[in-house]
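Worksheet: the structure to be examined is printed underneath.
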Amino acid sequence: MPEPGEQVGHYRIDAPLGRGGEATVFEGRDAADGRRVVLKFLEPSQLGDVAAFERMRREVAIGRSLDHPGVPRLLEAHEDARPPYLVLAYAPGRSLREILQGEGPLPVSRALAIAASLADVVAYCHAHHVYHRDLKPENIVVGVDGRVTIIDFGIALLDGAPRVTWRGFSGLIGTPEYMTPEQIRGERGGPETDVYAAGVILYEMLAGRPPFQSPNPLATMYQHLNLRPEPLDRLRHDVPRPVAAIAARALRRRPHERFPDGSALLEALRAPERVDTGVLEQPDPPLASPMREGLMRHPFVLLGLVGLGTAILVLLAEALLRH
Amino acid sequence: MPSWVSTSRSAVVEQLAVGTATDAGRVRPKNEDYVLWEFPEDPDLRSGRGALLIVADGVGGHGGGAVASAEAAHTVAQEYYLHRSGEPGRALRRAAEQANLHVYTTRLGHPGLAGMQTTLTALAIVGGRFWVAHVGDSKAWLLRGASLVRLTRDHTIVEEMRRIGLVDRARADRHSHRHLLTRTIGGDAMVRVDLARGAVQRGDCFVLTTDGVYEHLTPEDVRDAFTNLPPPAAAAACVQDANRLGGFDNLTIAGVRVGA
């Protein structure tokens, strides 16, 4: 893996920006014209993993298919280099994570502006059949003008692409705070997946914490599937009920009950009072546990368990009466 | 022999018939699995430590996965047979722990092998008893009569999710994170090694596989192959079938039948 101070191609590597399971990212500079860039190197440990290469190729394809100020432009792809790397346009600004860490819960108007800018970029991606699937504050850069750039399309999905499974150590799975119920259950995800993650981010900007969190990643996953987030307008009295309703609808467990895509979310954020919140009147039951699903598929097992329980109760009652 | 079965071997030693097959599959550029069968010539060693069958599935770039799986398997064999006294199960577990330390220190000492880790499933058969030491998501089965009993539990994030009820078996089997391991040989300086044990009966067949086999075959397919064919032919047939169905991952299968 190259180090800061080294030169790769005609780019000088400056500060490291981050390291994930599959890639290490540096800020760099074009030695020819001084332009700032982002250099993303595939982790050497992932070399030889066909799925990791497939994800990198997909990121290249997505980078070439998108042209929006909210998506860093792909400048170069060096898939044959060792290690392979991508050169992306640098997105100036601060990550939303830095902003939240420094400022805590944001004023409602600012949170709504960032959320709307995020939804605008997401809507553009969805219109081009690209689903990011890994939206989180670390992957969102807020410029000085308040506009959002989404970075790291490493696990994004282009409609029609083959499914690739993850292989390696479980650290690759990342943080579950922004995972959707369908991702936790192993499904592929689509536009509603980004809507859910945007809902988590909106919630976090207003509440100062994501709706579900726990020191144990598995417990956080359980919460996504089974618990209801505390309504935002109950946590903060200055959050208007329609804004809380937008977050609540985006966070519905079942994808078809959320806003269908980024464009619908954007429309809601622009006019919160006109949002259809009918779905919030409906119950949002926990996603059935495997045991319940199994029992539904095999009702005789349920009947048998009920019968067994009744028999035990009768025997216990009889024993007590004899005493 | 079909061209894609890169290595296949068989041995009939005393009352054990063994067959192994390993192959890169049809997608991955190289085979990072490793299979090892040991049954020492030395009569004392043979009576005290018996036979050893190991499969390992390496991960990590620059060929590190292949180094990790081979190093782990040979370290287990060396450590297991080095100490002739004591209970075989304890010796097998200690050997797996030594293999973990060896792979861990090797990857720390060689930047080119920085990411290497491996699964490890090792079966020891000594007299009328067996022991299975296990880390990762390779699998060991005991085929006894018509029943196929799983001897290992996967150390994967999805298996943990399944155990606490987040996903059911069907979802776990096709989950996109099903190969993400929570425990590996070489991942950390120390590792908890699962140990299964039991009595051996005449006719028992033990089957060890890496996870790639189950991308295409069901446990029942494997059971049928080892029920109807001698271990060498069954192992080769399973690899051949998995390759015919896509060969998405490296494929390794090893079976040993007792009292064959």
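These values consider heavy atoms only, across backbone and side chains, with no hydrogens, waters or symmetry-generated copies. Every chain is numbered from 1 and lettered A, B, ... according to where its sequence line falls, protein lines coming before strand lines.
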Exam field: side chain H175(B) to backbone I184(A), donor-acceptor pair closer than 3.5 Å: yes
Contact summary for M221(A) and L166(B), nearest pair of heavy atoms: CB-CD1, 3.6 Å
Contacts of E27(A) that satisfy side chain to side chain contact (heavy atoms under 4.5 Å, CB included) - sequence neighbours left out: L17(A), R36(A), Y90(A)
Separation between CZ of R185(A) and OG of S176(B), rounded to the nearest 0.5 Å: 13.5 Å
Side chain proximity check, E187(A) to R171(B), heavy atoms < 4.5 angstrom: yes
E160(B) side chain reached by L218(A) side chain, heavy atoms, under 4.5 Å: yes
Pairs meeting criterion salt bridge (charged side-chain N to carboxylate O under 4.0 Å, His left out) with involvement of residues 94-123 of chain B, two or more places apart: none
Using a cut-off of 6.0 Å, state whether more than 12 heavy atoms not belonging to [X] lie near its atom [atom1].
{"X": "Y222(A)", "atom1": "OH", "value": "no"}
{"X": "R150(B)", "atom1": "CZ", "value": "yes"}
{"X": "R144(B)", "atom1": "CZ", "value": "yes"}

